[in-house]
Amino acid sequence: MTGTYLGMPAFPRAAHDAVRNPVLRGNLRHATHTIRAKRARAVGELSDWAALREAGRRIKDHTLRHLDRYLEQLEESVTAAGGTVHWAVDADEANRIVARLVRETGESEVVKVKSMATQEIGLNEALAAEGIRAYETDLAELIVQLGEDRPSHILVPAIHRNRGEIRDIFRSEMGAWGRPAPEDLTDRPADLAEAARLHLREKFLRAKVGISGANFMVAETGTLVVVESEGNGRMCLTLPETLISVVGIEKVVPTWRDLEVFLQTLPRSSTAERMNPYTSMWTGTTDGDGPRAFHLVLLDNGRTDTLADRVGRQALRCIRCSACLNVCPVYERAGGHAYGSVYPGPIGAILSPQLRGTASEIDASLPYASSLCGACYEVCPVAIDIPEVLVHLRERVVQGGPAVRQGNKVVLRPARGHAAERAAMRAARWAFSRPGALRAGQRLASRTRRLHPRTLPGPGRAWSDTRDLPAVPAEPFRDWWQRTRGGKDGVR
Amino acid sequence: MSSRERILGRVRRALADVTPDDRPYAEAVPREYLREHGERSVAQTVELLAENLADYRAVVHRADAAELPLLITRLLAERGSREVLVPAGLPPQWLAAAGPVRVHDRAADTAQRLDRVGSVVTGCAVAIAETGTIVLDGSPDQGRRRISLVPDHHICVVRVPDQVVSSVPQALERLDPARPSTWISGPSATSDIELDRVEGVHGPRTLEVILLG
Ligand code: SF4
């Protein structure tokens, strides 16, 4: 996976720097608390939330269990509807395919709608190396791209920037990319949005090639679905002559009807809305409406390796709603960048080490970027047991064992004892020296007590074998959460 | 070996430990969730649609068939648009009284041309009360997807109660997956700057919905 940020410090170190940055911390706290409270309200409106969550889990599990069959069916449906399907084993292959498709159109610029998959494979950089300029069109992605920065949140990638910083970035950088920002640009969000609208509109109107990801792909019909807010997705999906969608193989669902579950759970879990402003669905190409050529690039890039792991494969159910980020006490304080991957927060802590393996220091430390408080599992709309996978991955880091890497069975060597203890303790020391994280960590829910009644999991085991762990209080996490309002800050 | 074969082979090997589940799909995935939330009369469902549309800052109007042309004329005049985009299958009487120049949706028109048009009037395929959503599916009274996207002012006519359903599951039942669809819930918005919701980034910044019935 080329999305690894080279030279990225391991999680505890990166987090340490982040928690000392007061602007970042303030922005993050405001953001995560705001979304968290709104989400609870949006979910509370649906009396059958638990049944929707269970159906979502089952749909995804069923699909994963027959993934080969559904991918073949999807290919057939998309092809029958006028699209072309490409298969990419890894990031390099996906990037080569996209670059070739763009070159074949004769164009040297593309407009992009936010997509985690294309960030994961480092598509923009790969295209730049081929002389193709990729314009990000989500407001947040634009802020990130102009600021030569990295996204820090799945849903709100510029969550670490406040309005003053955004205005400065627009004023100094927009001109180099196209229409400059007005001289007298203020830091009012409406004015900033207007500047982005004008800057990007000229790009949309002349764009010949659009690049997207997709939230869902329906095997039965060949339909792709993109869920968004701003309308840049609609622009990229309908104005260009050629559309290229790069989508992870785990995004397939069997039937049209399955959308009725996810179109209810995704918007409420992610932006805390009954429905997001715009959802686009398309099936191949349509005469006279939208792109004349449609290419779907199906991406593996570590997903089949993840699928081979009995405990870890559940991470492939993820619909990228980001609810788990917003409830995570560690994410709230450390921020997205500390995770060293395009997938931050709890989901990143279980996904990145599986997609990329645990060979690097950052990936080996990610399973420790959690206090195992269980809040992420409770909010997850597809019921991914993130703490369970974290504990499993910790064990794998420390004890080694069988795994699959790039399609091959390998036996991972255990991290050496003292190295493991160091990694675990560095992470633990970090988490437990932050008052907020400590509060969350101390009050472990009863369900996580079961996971480590006497010893620390994973690398901590060797250490705790000879030490007594404090007893874990019995108050369930949610009760504590509601009683204390997540530690200290008032939830609005 | 092609990448396709390689990926499918990896998937099959990865699943070697999984016992096959040959139950029909309907059995493998029990759906115990509701088809709709709460019980409402037809009138209440329309009322809920109006409320939820307004909650996401669409401007909601009501009219009967006789009032509709004048209402549309008034909304276009208030907006001050000189031109209005018209899908090929829009009932002509809807715009019978309208002042602005009609620009018919033609494949030959470039996006730049559409960008100079101030308003667009369309019908819709279905509207969802629980979420305040209107769905366009490119039928003749709605036109190509781009015409309801590029102009800054979108007037959408929903025939009530026929085109109104309560819930997302009911809406999907009515839609044809082969047609490209656009689900619209309020005007374009972003919360990317400090999570302040700002209406209107790239899609129409003003969405007016007329409940016709
Ligand atoms: S793991 Fe669950 S809560 Fe987190 S982003 Fe994925 S679907 Fe959402």
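Model, not experiment: these values are computed from the prediction. Each chain gets a letter, A, B and so on, in the order its sequence line appears, and its residues count up from 1.
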Any carboxylate oxygen within less than 4.0 angstrom of a Lys/Arg side-chain nitrogen, looking at [X] and [Y]?
| X | Y | result |
| --- | --- | --- |
| A:D68 | B:R13 | no |
| A:E194 | B:R205 | yes |
| B:D152 | A:R197 | yes |
| B:E32 | A:R53 | no |
| B:R4 | A:E75 | yes |
| A:D289 | B:R179 | no |

Is there a side-chain contact between [X] and [Y] (heavy atoms, below 4.5 Å)?
| X | Y | value |
| --- | --- | --- |
| A:M275 | B:E130 | no |
| B:H37 | A:Q264 | yes |
| A:R234 | B:I184 | yes |
| B:S188 | A:Y278 | yes |
| B:Q170 | A:E260 | no |
| A:R206 | B:Q112 | yes |
| B:P30 | A:E54 | no |
| B:S185 | A:R274 | no |

Counting only non-hydrogen atoms closer than 4.5 Å, does [X] touch chain B with its backbone (N, CA, C, O), its side chain (CB onward), both, or neither?
| X | answer |
| --- | --- |
| A:A81 | neither |
| A:S77 | neither |
| A:L64 | backbone |
| A:L71 | side chain |
| A:V404 | neither |
| A:T223 | side chain |
| A:E228 | neither |
| A:A50 | neither |
| A:S229 | both |

For [X] and [Y], indicate whether the former's side chain and the latter's backbone hold a donor-acceptor pair under 3.5 Å.
| X | Y | answer |
| --- | --- | --- |
| A:R201 | B:V150 | yes |
| A:W87 | B:I7 | no |
| A:T283 | B:P177 | yes |

Between B:H202 and A:F204, what is the ring plane arrangement, given parallel below 30°, perpendicular above 60°, and tilted in between? perpendicular
Can you tell which part of [X] gets under 4.5 Å to a heavy atom of chain A, answering side chain, backbone, both or neither?
| X | result |
| --- | --- |
| B:R57 | neither |
| B:R145 | both |
| B:A178 | backbone |
| B:L175 | both |
| B:P204 | both |
| B:S181 | both |
| B:D137 | neither |

Under a 4.5 Å cutoff for heavy-atom pairs, which residue among [options] has the most contacts with chain B?
| options | value |
| --- | --- |
| A:E202, A:E220, A:H86, A:E72 | A:E72 |
| A:L307, A:D309, A:D187, A:T306 | A:L307 |
| A:P254, A:S47, A:A193, A:A196 | A:P254 |

dist B:E36:CD -> A:D48:CG (nearest 0.5 Å) comes out at 11.0 Å
Gap separating the OG atom of B:S3 from the CG atom of A:D300, nearest 0.5 angstrom: 9.5 Å
Winner by heavy-atom pair count (cut-off under 4.5 Å) against chain A, out of B:L34, B:D55, B:V168: B:L34
Side chains of B:Y56 and A:N276, donor plus acceptor under 3.5 Å: no
As a quick check of understanding, evaluate side chain to side chain contact (heavy atoms under 4.5 Å, CB included) for B:R31 and A:V261, giving each step before the final call. CA-CA 9 Å; B:R31 295 172 193 264; A:V261 174; 4.1 Å; yes
If you count the non-hydrogen atoms of other residues, nucleotides and ligands that lie under 6.0 Å from CG in B:D17, is the total more than 12? yes
